[in-house]
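Every heavy atom of this structure was used, including side-chain atoms; hydrogens, water molecules and symmetry mates were not. Each chain gets a letter, A, B and so on, in the order its sequence line appears, and its residues count up from 1.
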Number of protein chains: 2
Amino acid sequence: MRSPYDLEISETCSVCRFCAERLFRNLPASTLHAFDAIKSLSLYPKGATLFVEGQQPRGVYVLCAGRAKLTASSPEGKTVIVRLAEPGEVLGLSATISGEPYHLTAETIEPCQADFVRRDDFLRYLREQPEVSLRVIEMLSEILRTAHAQIRSFGKAHSAAERLAGLLLCWGERMGDRTQEGIHLKLPLTHQEIAQMIGASRETVSRLLGELRHQQIISLNGSGLLIRNSDALSVKAGH
Amino acid sequence: MRSPYDLEISETCSVCRFCAERLFRNLPASTLHAFDAIKSLSLYPKGATLFVEGQQPRGVYVLCAGRAKLTASSPEGKTVIVRLAEPGEVLGLSATISGEPYHLTAETIEPCQADFVRRDDFLRYLREQPEVSLRVIEMLSEILRTAHAQIRSFGKAHSAAERLAGLLLCWGERMGDRTQEGIHLKLPLTHQEIAQMIGASRETVSRLLGELRHQQIISLNGSGLLIRNSDALSVKAGH
DNA sequence: GTTCCAATGTGACAGTCGTCACAGAGAAAG
DNA sequence: CTTTCTCTGTGACGACTGTCACATTGGAAC
């Protein structure tokens, strides 16, 4: 399993496997080099803020290692976690392109490594390398797809139990380790944050996790989670 | 207010104001003509299905006149309305580009006029007209923004009353007619469909609309709605 | 180890809302 | 005009879950 601490520092994205796979798949080396010329690499500790909802867009962040949460806050202080971003994703894309303020806040939940590209550099880059636009379209499509899946789960899965089960299954697929016991994974978020993802209260998440543990569907120790019976979890998720 | 019946048939998109404003804004005439060469115009009655979730992508539909609903259905038959599409929007974009099946179903809710472009034609067009890719990126960004706003409202607005108030306000802005009495608009959806949009039951929507009417915040006659006190509605929406 | 603070577990209670059931209203077709 | 079907309004009731309150645990800093 990927640990937050095994950051392999790579000065050029030519050797950054995540970026190479996603943003630059099947593109010529010249395109990568042009990117290297405009990006600047930074390291961020856990809890660092990349950009805040409402700020004028400075540019995009290409997440090379580590994960970040994308949140939206209401004036009264209620926060919703819209999604988790994984290595290879480009953050701040829609704001950077449209020029409107960032509409989400990006905060690292692990130590992260990210490339930053200034807005005007990025727009010029897109014009000069039209092939990259197609990749960007693909990435936006994929993000949109997950967003629609989330809307669907909110609209359909009326109980918090269903949405939690769905989230755990999703995490199991995306970042779990299959063993004979089941699927091992480390919860990337606190109960409070999980609650903010599925539109529930912290207490409800606590109770539901306790219930799943009591039913032998999962095991918990600290932030470690073992999905012992993913079929039962699927049933609870309404799949 | 735009009526579903005043479809101005236009054989080329050079004169279709919605497409010209959105997909082709600031682009040369040659780009439009290249589009005219690959599109085919169709008329659809109310209730027509453009494409269905799970189908292999045939291509994109550019909505020229009329509105459509984009839905996602679960195996058990529960349907969620993910969003309403307005003239100028391109439907089926992400599936057409990625080649994966359509992940939503598109159905007209009014008589519609739409241009269809076959998948391979559209992909070739994007490659040959790189400027269009930037427009596509802008459009996807905007759709993503609205999707995130919807996720936020599901996560934050825990009561159905809040979400309904938010939806009515949004509709008032997008398709309402301001008069001295308030904002007039025609409800584009039935109570059942509104319920599918805000994640509630039909009965709850009925009751909540009745309550708003009783509080003099709105008036209803048939599918006509008048927002008499949009400030009060804002308060209910939690804005 | 000790201290301290954030994260978690749990009980009680009230409010929201989904579900079932049925009545009335409108609209389209004959 | 009548029929028929969809859409809408409303009551009753129970389940879910948000909120408040507090105990407990765990981990990090010293």
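One can place NZ of B:K236 at 11 Å from P of C:dT16, the figure rounded to the nearest angstrom. Look at CG on A:L225: it is 18 Å from P on C:dA7, rounded to the nearest Å. Per the geometry, CD belonging to A:Q192 stands 13 Å off P belonging to C:dA6, to the nearest Å. Separating the CD atom of A:E162 from the P atom of C:dC17 is a distance of 17 Å, rounded to the nearest angstrom. Atom-to-atom, CD1 of A:I194 to P of C:dG9 comes out at 10 Å; the value is rounded to the nearest Å. Rounding to whole angstrom units, NE2 of residue B:H214 and P of D:dG9 are separated by 14 Å. Straight-line distance from the CG atom of B:L220 to the P atom of D:dT10: 11 Å, rounded to whole Å. Distance, B:L209 CG to D:dG9 P: 7 Å, rounded to whole Å.
Under the 30°/60° scheme for interplanar angles, the aromatic rings of B:F116 and B:Y61 are found to be tilted.
Axis angle between the ends of the helix from C:dG1-D:dC30 to C:dG30-D:dC1, five pairs each and rounded to 10 degrees, works out to 60°.
Residues A:E89 and A:E86 are in side-chain contact: their nearest non-hydrogen atoms beyond the backbone lie under 4.5 Å apart. Looking at heavy atoms from C-beta onward, A:V90 lies in side-chain contact with A:M139 at the 4.5 angstrom threshold. Using a 4.5 Å cut-off on side-chain heavy atoms (C-beta onward), A:W171 and A:P188 make contact. At a threshold of 4.5 Å between non-hydrogen side-chain atoms, the residues A:L168 and A:L209 count as touching. Between A:S141 and B:E100, the closest side-chain pair of non-hydrogen atoms is not below 4.5 Å. Using a 4.5 Å cut-off on side-chain heavy atoms (C-beta onward), B:L84 and B:R67 make no contact.
Ion pair B:K186/B:E110 not flagged as a salt bridge, since none of the NZ, NE, NH1 or NH2 atoms sits closer than 4.0 Å to an Asp/Glu carboxylate oxygen.
Of the possible donor and acceptor atoms, one in the side chain of B:Q150 sits under 3.5 Å from a partner among the backbone N and O of B:V82.
For the OP1/OP2 pair of C:dG9 and a distance below 4.0 Å, the side-chain nitrogens and oxygens of A:H191 include at least one atom meeting the criterion.
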Protein proximity profile, nucleotides 16-26 of chain D - base contact B, sugar-phosphate-only contact S, no contact -, cut-off 4.0 Å on heavy atoms: -SSBBB-----
